[in-house]
Engineer: 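Input: one structure, supplied below.
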Number of protein chains: 2
Amino acid sequence: MEDGMTPEGGAKPSRIQLRNRKRILDAALDVFSMHGFRGATLDQIAEASGLSKPNILYYFAGKEEIHVTLLNGLMDTWLDPMREIDPGGEPLEEILRYVHRKLEMSRAFPRESRLFANEILQGAPMIGAGLVSDLKPLVDETAALIESWAAAGRLKPVDGRHLIFSIWSTTQHYADFDAQLQALMDGRDVHGEASVFLDALYRRTLAV
Amino acid sequence: MEDGMTPEGGAKPSRIQLRNRKRILDAALDVFSMHGFRGATLDQIAEASGLSKPNILYYFAGKEEIHVTLLNGLMDTWLDPMREIDPGGEPLEEILRYVHRKLEMSRAFPRESRLFANEILQGAPMIGAGLVSDLKPLVDETAALIESWAAAGRLKPVDGRHLIFSIWSTTQHYADFDAQLQALMDGRDVHGEASVFLDALYRRTLAV
DNA sequence: CCACTTTTTTACCAAATGGTAAAACCACGA
DNA sequence: TCGTGGTTTTACCATTTGGTAAAAAAGTGG
């Protein structure tokens, strides 16, 4: 009931709404991932999306809502590779598969990686709660799994949480610090080399 | 010659100038490292430094000059640990010492780490040139040293550049993504654990 | 074709922000 | 103590930015 003016409310979004919200979110991902939340402007998002600024504010209540919508929509995708670690699988295989999937995501979705990096760098003002509610249980569980593998002698002893952090940092580094890599690696196949390097790094660290 | 009004020019800065420039740079480090360049405002820097905004602009030509001054002043300090790798030392020792010094820097100077992280994330618009001129030669040289060690059989075979990247990312992660760690590690001694973990990670990866 | 709803545009604001001009203030050597 | 040059404040701008009101322009079902 109520809600007859804005697309905010609950029911069935029209085709136009679906299309335009998608356009806006994609443009916003471009802009936010390049300039950070405070550095991004609605005018840039408007320009990039091909819609006018007031028209954008017809679909989203404000700049912050666009950002939060992006963050929430991506959180799940971002955590998927970790969820797919199979407790019944071969430990080393499972972890290496996770590493390679994370590296591949940083290659295929650098904007998403930078969006998160920016948000965390600023102290996670908008998804701080989500980190605790969504991320923490998954990390706790995965770390426990890894350490149970180690305890069973199927991996070298290792701190599960710090292993996870190191995988995040080494893989996302290739997306987040791309500007640095571009300056240092003239024309090399950065991701190809990274794949080989990280495979060896974690194999040597974990293989019994 | 010339220069009789502003503290810009060349000669001997007065005690007041020295003190106030230091105040401004310290306040700016706080603000820039928290909000990024575009998210930081001169008013915030003014408030944090205890000086008025026009007073700040008496010492620095503009917001960007403050940022660039910070970045340039820190670049050297930031690279020092890598410079101190001793080609005549024991390879594994040298690299582990480098790892621990980087980790210690991320613990002692998180603001500096975030300042750089922000700048690189935005595409290094202000120090892009410095990366190529200062950083690249050092990285090239160090990577070559590491690989010569490996070729001599004193380390396991490894890609020098990617090893360096992994050291940067794993150590700086603890400063740059502190908000995430706070959400995930309730009350743990994060840096102490990290030191143990990283020692094992690189020891297993490199020890022959 | 008409009435009614959704979408888009036009024309604006108020606040924030980087920056400036010029007067007032202060330190300190002659 | 007086002048002089470095320092700080006061009073402003012009632009940018997030956001709004309301009219115009599509759609859309009957």
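Letters A, B, ... mirror the listed sequences (proteins, then strands); counts begin at 1.
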Engineer: In whole Å, what is the span from the CD atom of A/E64 to the C1' atom of D/dG19?
Structural biologist: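 To the nearest whole Å, that distance equals 14 Å.
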
Engineer: Check whether more than 12 heavy atoms from other residues, nucleotides or ligands sit under 6.0 Å from atom CD of A/E90, and answer yes or no.
Structural biologist: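 It does: A/E90 CD has more than 12 such atoms within range.
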
Engineer: Given atom CZ of A/R23 and atom P of C/dT8, what is their separation to the nearest angstrom?
Structural biologist: 9 Å

Engineer: Atom CG of A/N20 to atom C1' of C/dT7: distance rounded to whole Å?
Structural biologist: 9 Å

Engineer: Just jot down the ring pair (Phe, Tyr, Trp, His ring centres under 6.0 Å) partners of A/Y202, sequence neighbours excluded, or say none.
Structural biologist: none

Engineer: Send over the distance from A/I56 CD1 to D/dG19 P, rounded to a whole Å.
Structural biologist: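 Spelled out: CD1 on A/I56 to P on D/dG19 is 11 Å.
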
Engineer: Under 4.0 Å from any atom of DNA chain C, heavy atoms only: list the residues of residues 32-50 of chain B that qualify, in numerical order.
Structural biologist: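 Only B/A40, B/T41, B/L42 qualify.
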
Engineer: Does some side-chain heavy atom of B/T205 sit less than 4.5 Å from a side-chain heavy atom of A/T205?
Structural biologist: yes

Engineer: Among the nucleotides D/dT8, C/dT20, D/dT20, which one has an atom lying closest to any side-chain atom of A/L57?
Structural biologist: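 Among D/dT8, C/dT20, D/dT20, the one nearest the side chain of A/L57 is D/dT20.
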
Engineer: Does B/K63 contact C/dG19 through a side-chain donor or acceptor facing the base, at a distance under 3.5 Å?
Structural biologist: no

Engineer: Kindly assign one of parallel, tilted or perpendicular to the pair A/F165 and B/Y174, based on the angle between their ring planes and the thresholds 30° and 60°.
Structural biologist: perpendicular

Engineer: Counting side-chain heavy atoms from CB outward, which of D/dG18, C/dA11, C/dG18 is closest to A/P54?
Structural biologist: C/dA11

Engineer: Which whole-number value in Å describes the distance from A/R19 CZ to C/dT7 C1'?
Structural biologist: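 Whole-Å distance recorded here is 10 Å.
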
Engineer: Just wondering, more than 12 heavy atoms not from A/R107 lying within 6.0 Å of its CZ?
Structural biologist: no

Engineer: What's the OH-P distance between B/Y58 and C/dC25, to the nearest Å?
Structural biologist: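 From B/Y58 OH to C/dC25 P: 17 Å.
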
Engineer: Round to a whole Å and report the spacing from NZ of B/K53 to P of C/dT17.
Structural biologist: 8 Å

Engineer: How are the rings of B/F37 and B/H67 set relative to one another: parallel (under 30°), tilted (30 to 60°) or perpendicular (over 60°)?
Structural biologist: tilted

